[in-house]
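The chains referred to below are lettered A, B, ... by the order of the sequence lines, with proteins before strands, and numbering in each begins at 1.
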Amino acid sequence: MAQTQQALILLPKMVKSPPLKALSLFTSSALQGFQHTHQSISFILHLLISSNLFSHSQSLLLKLISGQISSSSFTPSSLFHELTQPHLDSFPTHVLIHEAIINAHVRSQLPEQALFYFNQMIGRGLVPGSNTFNNLLILLIKSNFFEKAWRVFNETKGNVKLDVYSFGIMIKGCCEVGYLDKGFEVLGQMEEMGLSPNVVVYTTLIDGCCKNGDIERGKQLFYKMGELDVVANQYTYTVLINGFFKMGLKKDGIELYEKMKLTGIVPNVYTYNSMICRCCNDGKLNNAFELFDEMRERGVACNVVTYNTLIGGLCQERRVLEAERLMCRMKRDGLSPNLISYNTLIDGYCSIGNLDKASSLFNQMKSSGQSPSLATYNILIAGFSEAKNSAGVTDMVREMEARGLSPSKVTYTILMDALVRSDNIEKAFQIYSSMEKAGLVADIYIYGVLIHGLCVVGDMKEASKLFKSLDEMHLKPNDVIYNTMIYGYCKEGSSYRALRLLKEMGENGMVPNVASYNSTIQILCKDEKWTEAEVLLKDMIELGLKPSISIWNMISKARFDNV
DNA sequence: GTAGGGTTAG
């Protein structure tokens with residue numbers, strides 16, 4: 001009570017001072033534990049805003065939201081309610097107060113509250129500037145409230161000042177949640193409003209096309225921007241080149257890369273990294289290193305990603321020693337290996353079965369100040385289980401949990417897979433139920449491991465039951481699962497079941513592996529279902545797969561007998 | 001400090 005009085009005593013003094021002096025009176029008294037009131041805060045905020053001291057009003061609001069400045073006479077929300085009441089204030093200040101409150105909630109990462117004050121502002125017929133609106137959109141999208149962002153965008157776009165950024169932000173949001181059509185819709189709205197999309201907007205949407213698997217539309221947009229004289233830049237080319245590569249369209253990617261250089265757009269580190277990554281994935285390490293040299297010649301500085309990509313490429317070719325040497329070179333180059341560098345190299349050593357080296361790198365990583373992630377543990381756990389070192393596995397799981405990291409679905413997959421591979425299907429199911437108890441929902445990989453386990457032990461009844469239940473769970477079986485089921489059916493001699501799944505794979509756009517063809521044909525032959533066997537044989541040859549010798553023997557014998 | 005690109009793990 002006494003303190004409230006003090007604050008009231010302070011008010012006349014603040015009124016008489018210039019804005020910054022008044023503010024310092026306010027903050028120093030607040031720090032001394034003064035209980036401020038609606039009046040004193042309202043006064044100081046209005047003063048700061050009407051004097052254009054926005055950063056000061058902003059930091060004051062942030063302190064109020066975070067509770068750094070508090071008072072027993074109000075809560076932040078009662079205060080903001082009071083502040084935004086329509087009263088006799090001059091109109092511009094009222095707009096600015098609303099905006100300041102919305103911005104402060106945005107900066108405090110409080111999407112729901114920011115949205116609340118935004119809606120209140122619109123409801124009062126006030127028009128927020130595009131900055132305020134755009135920042136709100138960004139926060140909503142970043143906080144996974146895309147639907148809210150979409151609704152706000154569409155419901156209020158007539159009452160807000162929109163600019164190119166607003167549309168760009170919204171398009172990016174659409175692409176991120178996979179609503180490509182909506183992204184194009186926004187582009188259309190933008191054009192209708194007479195705003196010309198710039199290169200950033202086009203690049204964002206082209207990237208969205210690539211990431212959502214619709215490279216064709218991305219390509220069309222690229223042409224469209226050319227027709228509209230919007231000049232593609234390094235970003236645009238890199239996005240599309242990478243998109244081509246991701247879709248396996250190697251030729252188009254390289255062609256565009258050449259076109260980029262011809263047009264005089266210089267490839268930068270992103271472009272090179274994308275190119276190098278493609279070479280590595282194709283196992284063309286020589287080309288990758290040629291590009292690496294070319295970068296140096298052209299003065300494009302490589303970065304951690306460049307090195308990581310090359311380290312990964314070498315590891316995939318099992319050239320792990322060279323990968324480690326490259327990591328040393330990276331350090332000499334003044335770049336510190338990051339989490340991905342270590343994870344990649346540790347995985348490399350695990351894959352050649354050198355767990356000692358993997359462990360020592362793991363220690364090196366920790367002593368260099370890089371903290372292991374869940375992925376690091378998963379890699380090591382996979383390495384130890386592959387090496388059938390169960391003590392190593394247990395240690396890793398223990399250390400991981402001691403660090404406060406809980407096993408992820410990937411961890412469970414690895415553990416269950418190891419058990420299945422050592423014929424311990426019951427234990428695998430036990431792990432499966434402990435996973436469910438931990439609140440994790442099994443995904444297609446987990447079911448893949450379980451189905452594999454059931455097929456290995458020959459329990460096709462259970463395997464088929466599980467396989468059929470995938471559909472009810474809205475999970476699409478992947479090619480691994482199909483191949484596993486086919487393997488299981490062949491083993492038990494159910495040729496027609498295997499054949500049906502083989503066809504189903506094709507209908508779903510998957511290519512069965514050689515083993516599936518070989519074993520299905522084999523049992524079809526055994527059942528003397530020659531016509532079906534011949535058809536499959538033709539299919540597999542067309543796909544470029546090599547039938548096994550025994551199949552040739554069986555088939556040619558049948559042909560001979562029939563003649 | 002409002003929108004755009006590249007690398008790892010089942």
Side-chain angles (χ1 to χ4, degrees), chain A residues 55 58 103 106-107 129-139 141-142 163-176 186 190 197-208 210-211 232-243 245-246 267-278 280-281 302-313 315-316 337-348 350-351 372-383 385-386 407-418 443-449 452 478 480:
Chain A
S55 59
Q58 192 68 192
N103 285 330
V106 167
R107 289 207 33 187
S130 52
N131 271 0
T132 304
F133 183 58
N134 294 347
N135 286 325
L136 174 66
L137 281 185
I138 292 168
L139 178 65
I141 291 169
K142 207 175 62 189
D163 58 13
V164 186
Y165 286 92
S166 326
F167 287 95
I169 293 161
M170 211 52 229
I171 289 175
K172 167 85 170 146
C174 294
C175 293
E176 273 171 3
V186 176
M190 188 174 178
N198 60 16
V199 61
V200 178
V201 171
Y202 278 113
T203 307
T204 308
L205 196 48
I206 291 173
D207 187 42
C210 295
K211 297 227 161 90
N233 61 18
Q234 290 178 322
Y235 281 89
T236 325
Y237 277 101
T238 307
V239 161
L240 196 52
I241 289 171
N242 198 50
F245 287 152
K246 281 252 155 79
N268 62 12
V269 60
Y270 284 90
T271 326
Y272 275 111
N273 286 348
S274 199
M275 295 295 294
I276 290 174
C277 174
R278 183 45 36 189
C280 288
N281 288 341
C302 59
N303 60 17
V304 183
V305 176
T306 322
Y307 276 106
N308 288 351
T309 310
L310 287 165
I311 289 172
C315 286
Q316 236 169 25
N338 64 11
L339 178 68
I340 293 181
S341 325
Y342 280 108
N343 284 355
T344 309
L345 195 54
I346 290 173
D347 188 42
C350 286
S351 66
S373 65
L374 188 54
T376 320
Y377 288 102
N378 284 343
I379 290 166
L380 282 158
I381 291 169
S385 16
E386 191 74 26
S408 68
K409 283 181 206 178
V410 179
T411 322
Y412 283 103
T413 314
I414 297 165
L415 294 172
M416 286 164 53
D417 191 50
D443 61 17
I444 195 71
Y445 295 100
I446 304 270
Y447 287 117
V449 172
H452 180 208
N478 54 26
V480 177

Inset, instruction - Please step through side-chain hydrogen bond (donor to acceptor under 3.5 Å, both in side chains) for the pair A:Thr411 and A:Ser408, ending with a clear verdict. - result: CA-CA 5 Å; A:Thr411 322; A:Ser408 68; 3.3 Å; yes
Legend entry - Touch class at under 4.0 angstrom, heavy-atom based, for A:Val304 against every strand present: nothing
Legend entry - Short side-chain N/O contact to B:dT7 OP1/OP2 from A:Lys246, under 4.0 Å: yes
Inset, instruction - Would you kindly give the CG-to-P distance between A:Asn268 and B:dG4, to the nearest whole Å? - result: 16 Å
Inset, instruction - Can you tell me the distance, in whole Å, between the CG atom of A:Asn378 and the P atom of B:dT8? - result: 16 Å
Inset, instruction - For the side chain of A:Tyr165, starting at C-beta, report the closest nucleotide among B:dG5, B:dT2, B:dG10. - result: B:dT2
Legend entry - Nearest-angstrom distance from the residue atom CG of A:Leu240 to P of B:dG4: 18 Å
Inset, instruction - Look up atom CG in A:Asn134 and atom CE in A:Met170, then write down how far apart they are to the nearest 0.5 Å. - result: 11.0 Å
Inset, instruction - Starting at CZ of A:Arg278, measure out to CD1 of A:Ile241 and round the result to the nearest 0.5 Å. - result: 12.5 Å
Inset, instruction - Check every strand shown and say whether A:Val449 touches a base, only sugar-phosphate, or nothing at a heavy-atom separation below 4.0 Å. - result: nothing
Legend entry - Nearest atoms (heavy-atom pairs only) where A:Asn378 meets A:Ile414: O-CD1, 3.3 Å
Inset, instruction - Calculate the interatomic distance between A:Leu339 atom CG and B:dT8 atom P; express it in whole Å. - result: 13 Å
Inset, instruction - Indicate, with a heavy-atom threshold strictly under 4.0 Å, whether A:Ile414 touches base, sugar-phosphate, or nothing. - result: sugar-phosphate
Inset, instruction - Could you work out which one of B:dA9, B:dG10, B:dG5 sits closest to the side chain of A:Val410? - result: B:dG10
Legend entry - Among B:dG5, B:dA3, B:dT7, the one nearest A:Asn198 by side-chain distance: B:dA3
Legend entry - Spacing between A:Tyr342 atom OH and B:dT7 atom P, to the nearest angstrom: 22 Å
Inset, instruction - Look at all strands and tell whether A:Val239 reaches a base, only sugar-phosphate, or nothing, counting heavy atoms closer than 4.0 Å. - result: sugar-phosphate
Inset, instruction - Look at A:Lys409 and B:dA9 and indicate whether a side-chain polar atom (N or O) is within less than 4.0 Å of OP1 or OP2. - result: no
Legend entry - Closest to the A:Asn233 side chain, choosing from B:dG5, B:dG10, B:dG4: B:dG4
Inset, instruction - Choose from B:dG10, B:dA9, B:dT2 the nucleotide whose nearest atom is closest to any side-chain atom of A:Asp443. - result: B:dG10
Legend entry - Nearest listed nucleotide, side chain of A:Gln234, among B:dG5, B:dG10, B:dA3: B:dG5
Legend entry - Base of B:dG4 paired with side chain of A:Thr204 (donor-acceptor, under 3.5 Å): no
Inset, instruction - May I ask you to test the A:Cys315-A:Asp347 pair for a side-chain heavy-atom distance under 4.5 Å? - result: no
Inset, instruction - Identify which nucleotide among B:dG5, B:dT8, B:dT2 has an atom closest to any side-chain atom of A:Thr344, counting heavy atoms from C-beta outward. - result: B:dT8
Legend entry - Rounded interatomic separation in angstrom, taking CD1 from A:Ile141 and C1' from B:dT2: 12 Å
Inset, instruction - Would you indicate which nucleotide in B:dT8, B:dG5, B:dA3 comes nearest to any side-chain atom of A:Lys211? - result: B:dG5
Inset, instruction - Please report, rounded to the nearest Å, how far the C1' atom of B:dT2 is from the CZ atom of A:Arg107. - result: 12 Å
Inset, instruction - Tell whether A:Asn135 reaches the base of B:dT2 with its side chain through a donor-acceptor pair below 3.5 angstrom. - result: no
Inset, instruction - Rounded to the nearest angstrom, tell me the gap between atom CG in A:Asn242 and atom C1' in B:dT7. - result: 10 Å
Legend entry - Residue A:Tyr270, side-chain heavy atoms: nucleotide from B:dA9, B:dG10, B:dG5 that is nearest: B:dG5
Legend entry - Nucleotide nearest A:Lys172 (side chain, heavy atoms from C-beta), chosen from B:dG5, B:dA9, B:dT7: B:dG5
Inset, instruction - Step by step, work out the side-chain contact (heavy atoms from CB on, under 4.5 Å) result for A:Cys350 and A:Leu380. - result: CA-CA 7 Å; A:Cys350 286; A:Leu380 282 158; 4.3 Å; yes
